[in-house]
Amino acid sequence: MQAALKRETSRMSRAGLLCGMVVWLAATPAHAFVAYVSNEKGNTVSVIDTESWTVTRTIKVGQRPRGIEFTRDGKFVMVAVGDDDTIQVIDAKTQAIVDTLPSGPDPELFVQDAAGKLLYVANENDNTVTVIDLEKRVRLGDIQVGVEPEGMTVSPDGKILINTSETTNMAHFIDTASRQIVANVLVDARPRFAEFKRDGSELWVSSEIGGTVSIIDPVKHVVTGKITFEIPGLRREAIQPVGIGMTRDGKTAFIALGPANRVAVVDTATRKVTKYLLVGQRVWHMAFTPDEKYLLVTNGVSNDVSVIDVPAQKVIKTIQVGELPWGITIAP
Amino acid sequence: MIRWVAVLSIGLSIGPGAVATSARAADPTEIGIGYLGHVGTRATLSLVEQPAENDGVAGARLAIDDNNTTGKFLNQRFTLEERRLKAGEDVAQVAAALAERNGFIIADLPADALLKAADALRERGTLIFNAGAIDERLREADCRANIIHVAPTRSMLADALAQYLVWKQWKRWLLVVGSHDEDKLYADALRRAATRFGAKIVQERTFEDTGGARRTDSGVTLIQRQMPVFTQQAPAYDVLVAADESEVFANYLPYRTWDPRPVAGSAGLEPKSWDAAQDQWGAVQMQNRFIRLNHRRMTALDMQAWTAVRMIGEATSRTSSGDTKKVIDFIKGADFSVAAFKGTRLTLRDWNLQLRQPILLVDGRMVVSVSPQEGFLHQVSELDTLGYDRPESKCKLR
């Protein structure tokens, strides 16, 4: 989702790393990517090959894996294992756990800075955001935020870190240089996920219990609009927005609606839903393939991942993964 | 709606911004909340279910902490003043004294005392949150415009259980009712639930409370002889449903019925607003916070008090105000909702100020299910399939 590198560069660098030791990479088909899915109940990570759309490997990890992200260089996958109070590091080459990070208690979601040097982790249990130096793998400090910090994102210019707190119901704006909160914007109940438009002009925050997505002006720190959802035949309470994915051109947003079992397609100019795509049960998080041809979403209750054809705005495939799939990341 | 929220957010973002720069010295807005409980706890059959001295108020204390974490970004500060009603004390006087310093009162009182407190505070404009009383009449004929009911009603609990038993196809019930008034009220709610959702009560039995201690040194031997005999020669049934709020017999029934049948109601599978085993919808963080603060597990009463205090915090942050009148209007208004780790927003029934909420079905160790059950539909909210609905209500708020 936060692919900083183009696919070709990434493949070249990986090939460089492998140093001719392994030949299988050269044989990788042109449009194959690798997706890692955290299975919250299964205590596993499923590895999906996007050429064959199959699970190629299931990796045993720590307890309650949720937030999952590739490092910027694509070499490692970090997965927050909340009940083990740490973040495990999976080597993308060997697909083995090689290290852990000092995250603080019950890490859930985290985000890296643009350079991939710093990691910001939401620790739900003690109302803090922990800052970790990724190279030295040490904890640099904590920032006090609201009750139950969850959603994390960094502004495209790297200056502002956003954290949402689920019981305080705010998006906290944190200056990445001073590590001080500079603004707090109240949103609807239980804010779960935050995402910037790539040009930095808007911050979108989903409110799971409120049932809305707030659009915030990141300079003025005000809510400038809200996206609401209406699905015929579905009661309002069942519509619980969580994951948000925006295309690079900033024109289209995809919003996972939890137990509504749908992903809403939103025209970002009009801020209106143009389509609802039926996916699996309790859809939460999502990731684009780097070429933005496909969007993969995790369906917790049906234990699968739906594949959305992005240009066609159609669900084309369902892949069975482990128990209660939660987060997803795709190699840059 | 959108414009309103945008304006609100401007107001809110100024406060914290200012905190970070210059206005740190500004005094925070104080929001005083009173907690009015009673002295003493009831005796339970199970030693592990014996309520703690601070049952209820412990939840309020956690919510005060949560509100204050949020409050530091909004320059609001919450305080809790606890008062326990002693036997013989005049509840009206005690409530009035508490209301001197607090615009909101969380009450864990029996129905009559609650009504006295509410009527004493009516002119003053204090809002009471009923955290403890489940009586139907407080939401029906005896409803009051200055009481918000956070505790569920007997009918909500009975309906939640009935929906699950019917879903499970355990439709033939053997109903065993205690001999105290509240047991009979619970039995009324269970009978109503059976009729509503298509279960059949094949027989009713009364368990007379003849007195006696709940703790004895050779109790098990005796109970093991009594319970099979008490439940023998029943018509064919699927589940024994016990109405025993007085804690006289229900917890003696599981594993001791003449026929091998599950027990539900006041023992076995029990409907509750909350349970220490609830771990879904982000509840683990909250359970951990509670244990850290109070060194014990969280009960339904704790959760009801937590929710009440959080409702106040939610309203003060949305209105950016500590003004009692403004906050009360917002809580009673159409836009109010609160999140309480039950998978859905909780809202108020505007006709009687009862908080809509899912009900957990628990067995003492696990959450077995959560009602409303799938398939029980409603034109407004599926949560309104639990308890008395608007068309049935006798409440006239005043």
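Since we're looking at a predicted model, the values are computed, not measured. Lettering of chains follows the sequences in order, A, B, ..., and the numbering in each one begins at 1.
Looking at B/T344, the atoms closer than 4.5 Å to chain A (heavy atoms on both sides) sit in the backbone and in the side chain alike. Neither the backbone nor the side chain of A/R192 has a heavy atom closer than 4.5 Å to any heavy atom of chain B. Both the backbone and the side chain of B/R345 come within contact range of chain A, each with at least one heavy atom under 4.5 Å from a heavy atom of that chain.
Atom CZ of B/F341 is separated from atom CZ of A/R190 by 6.0 Å, given to the nearest 0.5 angstrom. Expressed to the nearest 0.5 Å, how far CG of A/N169 lies from OG of B/S317 amounts to 6.5 Å. Between the CD atom of B/E314 and the OG1 atom of A/T168 there is a distance of 10.0 Å, given to the nearest 0.5 Å.
Residues that satisfy the side-chain hydrogen bond (donor to acceptor under 3.5 Å, both in side chains) test with A/T44, not counting sequence neighbours, are A/N39.
Ranked by heavy-atom pairs shorter than 4.5 Å toward chain B, the options A/E166, A/E208, A/Q144, A/E237 are led by A/E237. The most heavy-atom pairs under 4.5 Å with chain A, out of B/E382, B/R310, B/Q285, come from B/Q285. For the set A/D126, A/N127, A/V145, the entry with the most heavy-atom pairs within less than 4.5 Å of chain B is A/V145.
Atom NZ of A/K159 has 12 or fewer heavy atoms from other residues, nucleotides or ligands within 6.0 Å. Applying the 6.0 Å contact sphere to CD of B/E392 captures more than 12 heavy atoms from other residues, nucleotides or ligands. A 6.0 Å sphere centred on CZ of A/R179 holds more than 12 heavy atoms belonging to other residues, nucleotides or ligands. Around atom CZ of B/R297, no more than 12 heavy atoms belonging to other residues, nucleotides or ligands sit under 6.0 Å away.
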Side chain to side chain contact (heavy atoms under 4.5 Å, CB included), that's the test. Do B/F73 and A/I181 meet it? Break it down for me.
CA-CA 9 Å; B/F73 301 116; A/I181 292 182; 3.4 Å; yes

Report the C-alpha separation of A/T167 and B/M286 in whole Å, then their side-chain angles, then the decisive distance to 0.1 Å, and conclude whether the side chain to side chain contact (heavy atoms under 4.5 Å, CB included) test is met.
CA-CA 10 Å; A/T167 292; B/M286 151 94 150; over 6 Å; no

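The minimum heavy-atom distance between B/T70 and A/V147, with the atom names listed, is OG1-CG2, 4.3 Å.
Between the side chain of A/R235 and the backbone N or O of B/S381 there is no donor-acceptor pair closer than 3.5 Å.
A/D188 has its side chain within reach of B/R318: a pair of non-hydrogen atoms, C-beta onward, lies under 4.5 Å apart.
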